[in-house]
Amino acid sequence: QLQLVESGGGLVQPGGSLRLACVASGFSLGDYAIGWFRQAPGKEREGISSIGYRGVQVNVAGSVKGRFTISRDNAKNTVYLQMNSLKPEDSGVYYCAAGPYYSDFDIKEAMYDYWGQGTQVTVSS
């Protein structure tokens, strides 16, 4: 089965950090571009970061630029999202997704074929 599983979410105070991981099984993650998305209650799913299959090309949404870093370790079939200086507005369910191509300009749901179930991130005092 082709599967992505996110982990690393939790409750953190504003200004804190979390590192999310996305582990792939059933396929080689290195053959795919990976996107990270998040969805807050009542809001649309938002693309926040993506990375090309080699890990050289990266895209980060303006809302998290300078605070979030995407990386990948293809030998471990894993993509990470390091989240620093977290704000309450960063709260939501975070999803990783795999797709056949990367874009410097867009992080769109339609680009991705395989999705994880998400991990909850809550930033609150």
Side-chain angles (χ1 to χ4, degrees):
Q1 292 182 341
L2 305 179
Q3 187 175 5
L4 295 169
V5 179
E6 303 94 338
S7 64
L11 175 65
V12 64
Q13 291 187 325
S17 297
L18 289 171
R19 187 172 76 161
L20 307 184
C22 172
V23 180
S25 61
F27 65 100
S28 177
L29 186 144
D31 293 333
Y32 292 85
I34 302 295
W36 281 99
F37 296 79
R38 68 186 181 191
Q39 188 167 24
K43 296 185 178 180
E44 296 292 314
R45 189 173 292 179
E46 174 192 14
I48 56 172
S49 191
S50 62
I51 187 166
Y53 69 91
R54 293 174 61 228
V56 176
Q57 297 170 299
V58 297
N59 192 5
V60 184
S63 59
V64 302
K65 189 170 294 184
R67 300 187 297 117
F68 289 15
T69 303
I70 190 170
S71 62
R72 66 191 301 160
D73 186 342
N74 289 341
K76 295 181 178 179
N77 235 22
T78 302
V79 171
Y80 302 96
L81 185 68
Q82 178 67 47
M83 306 187 295
N84 298 325
S85 301
L86 284 162
K87 304 174 181 179
E89 53 262 43
D90 294 320
S91 297
V93 179
Y94 282 68
Y95 302 87
C96 67
Y101 54 89
Y102 164 87
S103 173
D104 283 330
F105 307 103
D106 299 290
I107 310 170
K108 297 181 177 179
E109 291 184 51
M111 298 169 59
Y112 298 93
D113 301 314
Y114 306 108
W115 291 78
Q117 295 298 306
T119 185
Q120 176 70 234
V121 172
T122 303
V123 185
S124 177
S125 299

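Keep in mind that the numbers below use all heavy atoms, side chains included, and drop hydrogens, waters and symmetry copies.
Under the 4.5 Å side-chain heavy-atom criterion for grouping Ile, Leu, Val, Met, Phe, Trp and Tyr, Val93 is not connected to Tyr80 through any hydrophobic cluster. In the hydrophobic cluster analysis, where Ile, Leu, Val, Met, Phe, Trp and Tyr join through side-chain heavy atoms closer than 4.5 angstrom, Val58 is grouped together with Ile34. Placement of Val64 and Val123 within a single hydrophobic cluster is found when ILVMFWY residues are connected by side-chain heavy-atom separations under 4.5 Å, directly or transitively. Both Tyr112 and Tyr101 sit in one connected hydrophobic cluster of ILVMFWY residues. Membership requires side-chain heavy atoms under 4.5 Å apart, directly or through other members.
In this structure, Phe68 has its ring center at least 6.0 angstrom away from the ring center of Trp36.
Between the CD atom in Glu6 and the OH atom in Tyr94 there is a gap of 12.5 Å [rounded to 0.5 Å]. Between the SG atom in Cys96 and the CD1 atom in Ile70 there is a gap of 9.5 Å [rounded to 0.5 Å]. Separating the CZ atom in Arg38 from the CD atom in Gln120 is a distance of 12.0 Å, to the nearest 0.5 Å. Here the CD-OH distance, from Glu109 to Tyr95, works out to 9.5 Å after rounding to the nearest 0.5 Å. To the nearest 0.5 Å, atom OG1 of residue Thr122 and atom CG of residue Leu11 are 6.0 Å apart. Atom CG of Asp104 sits about 8.0 Å away from atom OG of Ser50, to the nearest 0.5 Å.
Here the shortest heavy-atom pairing between Ser17 and Gln82 reads CB-NE2, 4.0 Å. Of all non-hydrogen atoms in Lys65 and Val60, the two that sit nearest each other are CE-O, 3.3 Å.
Using a 4.5 Å heavy-atom cutoff, the side chains of Ser103 and Asn59 are not in contact. At least one side-chain heavy atom of Asp90 sits less than 4.5 Å from a side-chain heavy atom of Arg67. Looking at Val121 and Leu20, their side chains come closer than 4.5 Å, going by heavy atoms from C-beta outward. Side-chain contact check for Ile107 versus Ile48: every heavy-atom pair is 4.5 Å or farther apart.
The residue from Leu81, Val5, Leu4 that alone fulfils the side chain to side chain contact (heavy atoms under 4.5 Å, CB included) condition with Cys22 is Leu4.
Checked by atom type and distance alone, the side chain of Asn77 pairs as donor or acceptor with a backbone atom of Leu29 at under 3.5 Å. A donor-acceptor contact shorter than 3.5 Å is absent between the side chain of Arg72 and the backbone of Ala33.
Using modelled atom types and a 3.5 Å distance limit, the side chains of Ser63 and Glu89 yield no donor-acceptor pair.
Counted within 6.0 Å of CD on Gln39, heavy atoms from surrounding residues, nucleotides or ligands total more than 12; the atom is thus considered enclosed.
Between Trp115 and Phe37, the ring planes lie tilted relative to each other; the angle falls in the 30° to 60° range.
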